[in-house]
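Working notes for the structure below.
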Amino acid sequence: MKVSLFATCLTNAFYPEVDLTMAKILKYLGHTVDVPEGQACCGQIAFNSGYISDAREVARTLIDSFEHSEIVVGPSGSCIGMIHHYYPFLFENDPVYLAKAHDLIGKSYEFTQFLVDILKQPDLGAKYSAKATYHPSCHATRFLEIVEPPLKLLEHVKGLELLPLPEAQLCCGFGGTFSVKIPKISEAMVAEKAEHVLASGADLLLGLDMGCLMNISGYLEKINKPVKTMHIIQLLGEGMQG
Amino acid sequence: MTTPSDFISQLATKLGRSTPSQTPDPVPIHVPEYRLSGPEERATVFLHNWQALGGKGAIVKSTDETVQCLKEWFGELPLDRPAQQAIVAWDLLPTIAESAFTTLNWPLVRYPQSALDTRERYAIAAQAELGVTGADWGIALSGTVVMNSNPQRGRAVSLLPPRHLTFIETSKLQDNLFEVLEAISATGSPPAAIELITGPSRTSDIEMDLSIGVHGPVEVCVLLIEDELKD
Amino acid sequence: MTMYKEIVEKRVDKALADDFLRKATRRATDRLRLGKFKAAQDLGDWEDWRLAGEAIRTQVVANLDFYLKQLIEQVEKNGGHVHLAKTPVEAVDIVRKLVHEHDAKNVIKSKSMVSEEIHLNSALESEGVSVIETDLGEYIIQVAGEPPSHIIVPAMHKTRQQVADLFEPIAGHTLSSDTPTLTKFVRQEMREKFLHGDIGITGCNFAVANTGSIVMVTNEGNGRMVSTLPRVQITLMGMERIVPSFRELDVLLNLLGRSATGQRLSSYTTILTPPKHSSDSDGPEEFHLVILDHNRSEILGDTTFRRALNCIRCGACFNVCPVYRQIGGHAYGSVYAGPIGSVITPLLEKDWDKWGHLPYFSTLCGACTEGCPVRIPLHDLLVKLRARKTLSGHTPQIEKRIFQGYRYMFTHEKRLRQALRMGAHLQRPFVKHERIVGGPPPLSNWTKSRTLPMVASKSFMQMWSELKLSEKSSNSDPIQ
Ligand code: SF4
């Protein structure tokens, strides 16, 4: 398959290795990978802050960059969720881009969903010894209803012991600009999430959205309880080399 | 102050049309409704749910059984002294109930006739130990008794005394709320009050700690009278 | 603007510093949420019920004029009186007039969120009328002089000791703080009030249009007292609180009891069609229904937000909201807190300066939407309210500039690439052990409680372009 990568703004700037590993895994599975020029962000940060027209322009840029792609895959439930859940609303008065938005929705997937539901390849032969726990991020779970795919991928990682995360359904408190706009509530939320991560007994925290992971790990580090944090993509990448 | 027609026409404007003259089509409702296999299961499930909420309950077939049960539940109470006006009841209770109270020699104060003045009637009900009523329907799924108001009854009887005893024939039990609401609709215009009672008065308002009997009855009891069973 | 911002911040700080409040909120919401989960399971396919609930509410709201007209006609046919109030002030005036006409000294009330919305108690009390809240939770907060902190358990933020302390002056002796003692005290205290109330004021969970009936759902029995014992009953309702007939009532009662308290049915579901029939031995002789608009008609006319009127006030969204969980209800500052409060308060009150903070009390995690028994897309409405506020020009200049900058950068990836390169340099003073630990605001809001990863020395887009170049020159795939 010819797969176009959507490098989200967060991974592009802070975690390029996540995007790169995603490219490597897809190539390893025999797919052609490209990264269309011009893409930068799904627009969520402006959209969620109420700046619709700014968000719309950024979204337009993203749509344009993937116009000729067959399949689009991104390492984030939140960004793919933004496209699926809010682009139709964003372009409700723009028939041309509304159609393009629907085209993008029809061909875009979050990484774990793409691997498990589309490629039907939950087993990448990865090995990784750790006691891990998994944070199901809100947008993946609730906007895209991605529940099983990440767990299937993790199930197949040899040596990985997956421990339940108490109150897993609770948001970590990131919420994009929420975390800087109402920092104290955000901190209280991430503090509780961190409590649960520590209570799980895991020494590795996994997720499929770097936003949440950046938030939780940033807090854990501040309180000097550094639990290792990885995107599932990173875990698979390392596990496949081993 | 706004007149009804102004008020309504403002809403129609907001809705961007004129007010429909015909009743709008009701929405289709497709929900899985709770169904029981028959009268026996209905009675069992009703009792189970009623008891799970803290209510006392039993099935009786005869006056004797009813007497036994009443003795067991209320025998300790000073119910046989007429001056105490300890039991208030509707004017008419199911036959088994009437004969059981007669056998026990526990006098019943008939609430509707107990006093001429409404507030006096309330006072009588409020100082009684036990209120006794019948019921029009029961709901098995939720463990609920349902009673209509009418002149021979009295809403305070199931409300003011600390204990409430309901007699209900098993033939009046329904599976679910929908059936009861349908039956109510079928009777035409509803009475002034329909009370659906599901367990004792309860509250969790203080530190989420469940507490029984804050305003309504502390103890609720049901005697299911086995009669011709509905199937 | 700034003034309100400070007030909001103070409220939030106060809530976050209140350990008992936070524990109590967790306890209450966990308990209610789990109860709902269990109760939803025994109903068969919960999703089918939600869909039915949504369909019913949507159809009612879309035909609200018809059903209200029908309701008014039916209530009048039954011998009741209907009063329509466009504003809270009008609603208060209607009740005040009725109280005076009947020369009522003792008014007893069961729970009504509309009465909170119109601030009825203070208005009546200022005229020397004694108004007693009879729901235990409402009574506690009335004595404390506070607004409800949860729509279902309004006094969940009070400790039992605080409750005992509040009740002692009324009792005139010391009270131990165990629940049975406190409940018993209230039972005795209230009995006299019930028996001597001149007017009963109730809320309304549903009004049945084709019969003119009022449906009240309570657990304590106070609602029954208030609607049975006084000679006059006044019921307050928001104008959207309607069901067409008993047929739809089944679905909504099933959803409400389960979602609110995890009960199949609440202890008392009372279907009233007042006034009492002439020969009935009890029940109110006179019945007044006060129907409140208070900008609900504006919401009705606004197709973006119309669905907010579908709410059945069950509180389920409170119990799943991770923000509410941390701060409880008072930090919102509004009568209606939680996710639905954050949606409807700005719409009802139409005051961005005062209530503009509410749509931001959410991470947009979607838990509220998932939990809502009538499928109101609460988080979507919140984000759309933010857009409304921005459009109306009520957001700070600096924020506007930030997003202009964002747009400038993120519509041209090359500009972004350059900016990131710059960022990788500029971050240096703030880096410690490979993490960003400080910075100018608003970044500092983050770094106060968290570290941030460093901006990568090469962004992925840059990295990829370079890889592609080397691929071309070496004729092999470097990332294989
Ligand atoms: S918005 Fe939904 S969940 Fe929240 S109170 Fe209303 S009906 Fe319940």
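Here is how names work: the chains are called A, B, and so on, in the same order as the sequence lines, proteins then strands, and each is numbered from 1. Being a predicted model, the structure only gives us computed values, none of them experimental.
- Within 6.0 Å of atom CZ in C/Arg307, 12 or fewer heavy atoms from other residues, nucleotides or ligands are found, so the atom counts as exposed in its surroundings.
- Of all the listed residues (A/Ala191, A/Ser53, A/Pro183), the one sharing the greatest number of non-hydrogen pairs under 4.5 Å with chain C is A/Pro183.
- Going from atom CZ of A/Arg142 over to atom CG of C/Leu364 covers 11.5 Å, rounded to the nearest 0.5 Å.
- Within a 6.0 Å sphere centred on CD of C/Glu47, other residues, nucleotides and ligands contribute more than 12 heavy atoms.
- In this pair, C/Trp446 and A/Phe174 present their aromatic rings perpendicular. The plane angle is above 60°, beyond the 30 to 60° band.
- For A/Glu167 and C/Arg33, the salt-bridge test passes: some basic side-chain N is under 4.0 Å from an acidic carboxylate O.
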Salt bridge (Lys or Arg N to Asp or Glu O under 4.0 Å) between A/Glu187 and C/Lys448, worked out: CA-CA 9 Å; A/Glu187 180 185 345; C/Lys448 259 178 222 152; over 6 Å; no
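- Between C/Lys384 and A/Phe89 there is a side-chain heavy-atom pair separated by less than 4.5 Å.
- Between C/Leu416 and A/Ala40, the closest heavy-atom pair is CD2-CB, 3.9 Å.
- Closest heavy-atom contact between A/Met214 and C/Pro453: CG-CD, 3.7 Å.
- Enclosure of atom CD in A/Glu145 is not indicated, since only 12 or fewer non-hydrogen atoms of other residues, nucleotides or ligands lie within 6.0 angstrom.
- Heavy-atom pairs under 4.5 Å with chain A peak, among C/Ala367, C/Ser465, C/Pro441, at C/Ala367.
- Neither the backbone nor the side chain of C/Ser444 has a heavy atom closer than 4.5 Å to any heavy atom of chain A.
- Counting heavy-atom pairs under 4.5 Å between each of C/Arg435, C/His433, C/Gln462 and chain A puts C/Arg435 at the top.
- In terms of non-hydrogen atom pairs under 4.5 Å with chain C, the most contact-rich of A/Arg56, A/Gln39, A/His139 is A/Gln39.
- Per-residue counts of heavy-atom pairs under 4.5 Å with chain C were compared for A/Leu170, A/Ile182, A/Asn48; the largest is that of A/Asn48.
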Working for side chain to side chain donor-acceptor pair (under 3.5 Å), residues C/Thr395 and A/Tyr51: CA-CA 10 Å; C/Thr395 50; A/Tyr51 289 81; 2.8 Å; yes
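- Chosen from A/Glu17, A/His85, A/Glu37, A/Glu192, the residue pairing most often with chain C at heavy-atom distances under 4.5 Å is A/Glu192.
- One distance of note links CG of A/Asp19 with CZ of C/Phe460; it measures 5.0 Å at 0.5 Å rounding.
- Heavy atoms of C/Thr447 lying under 4.5 Å from chain A belong exclusively to its backbone.
- For C/Met422, the CE atom counts as loosely surrounded, since its 6.0 Å shell holds 12 or fewer non-hydrogen atoms of other residues, nucleotides or ligands.
- Of the listed residues (C/Ser362, C/Ala424, C/Gly423), the greatest number of heavy-atom pairs within a distance under 4.5 Å of chain A belongs to C/Ser362.
- The closest side-chain heavy-atom distance from C/Val12 to A/Ile185 is below 4.5 Å.
- Neither the backbone nor the side chain of A/Asp64 comes within contact range of chain C; no heavy atom of the residue lies under 4.5 Å from a heavy atom of that chain.
- In this structure, A/Glu195 pairs ionically with C/Arg26, as a charged nitrogen and a carboxylate oxygen lie closer than 4.0 Å.
- When side chains are defined from C-beta on, A/Pro16 does not count as touching C/Lys458, because their heavy atoms never get closer than 4.5 Å.
- When the heavy atoms of residues 399-412 of chain C are compared with those of chain A, the residues falling under 4.5 Å are C/Glu399, C/Lys400, C/Phe403, C/Gln404, C/Tyr406, C/Arg407, C/Phe410, C/Thr411, listed by number.
- Contact of A/Ile45 with chain C is made through backbone and side chain together, with heavy-atom distances under 4.5 Å.
- Between A/Tyr86 and C/His379, the angle of the ring planes goes over 60°, which puts this pair in the perpendicular group of the 30/60° scheme.
- Of the two parts of C/Arg325, only the side chain, counted from C-beta on, holds a non-hydrogen atom closer than 4.5 Å to a non-hydrogen atom of chain A.
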Stepwise side chain to side chain donor-acceptor pair (under 3.5 Å) test for C/Arg450 and A/Asn215: CA-CA 7 Å; C/Arg450 283 155 288 205; A/Asn215 183 41; 2.7 Å; yes
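- Heavy atoms closer than 4.5 Å to chain C are found in the side chain of A/Val190, but not in its backbone.
- Options A/Ser137, A/Ser217, A/Ala7, A/Ser179 differ in how many heavy-atom pairs under 4.5 Å they form with chain C, and the most are formed by A/Ser179.
- Top candidate by heavy-atom pairs under 4.5 Å with chain A, chosen from C/Val320, C/Leu452, C/Val323, is C/Val323.
- Put simply, CE on A/Met189 and SG on C/Cys365 are 6.5 Å apart, with the number rounded to the nearest 0.5 Å.
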Side chain to side chain contact (heavy atoms under 4.5 Å, CB included) evaluation trace for A/Val35 with C/Met461: CA-CA 8 Å; A/Val35 180; C/Met461 295 301 282; 3.6 Å; yes
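- For C/Ile327, the part sitting under 4.5 Å from any heavy atom of chain A is the side chain, from C-beta outward, and nothing else.
- Closest approach of C/Ala387 and A/Ile52 over heavy atoms only: CB-CG1, 3.3 Å.
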A/Leu20/C/Leu467 under side chain to side chain contact (heavy atoms under 4.5 Å, CB included): CA gap, chis, key distance, verdict: CA-CA 11 Å; A/Leu20 190 64; C/Leu467 286 167; 3.7 Å; yes
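- Of the atoms belonging to C/Asp30, it is side-chain heavy atoms, and not backbone ones, that fall under 4.5 Å from chain A.
- The candidate from A/Gly173, A/Ser49, A/Cys9 with the greatest count of non-hydrogen atom pairs under 4.5 Å with chain C is A/Ser49.
- Only the side chain of C/Lys414 comes within contact range of chain A, judged by heavy atoms closer than 4.5 Å.
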A/Thr177 vs C/Tyr360, side chain to side chain contact (heavy atoms under 4.5 Å, CB included): CA-CA, chis, key distance, verdict: CA-CA 10 Å; A/Thr177 45; C/Tyr360 301 87; over 6 Å; no
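- Nearest heavy atoms, C/Ser449 versus A/Tyr219: O-CD1, 3.4 Å.
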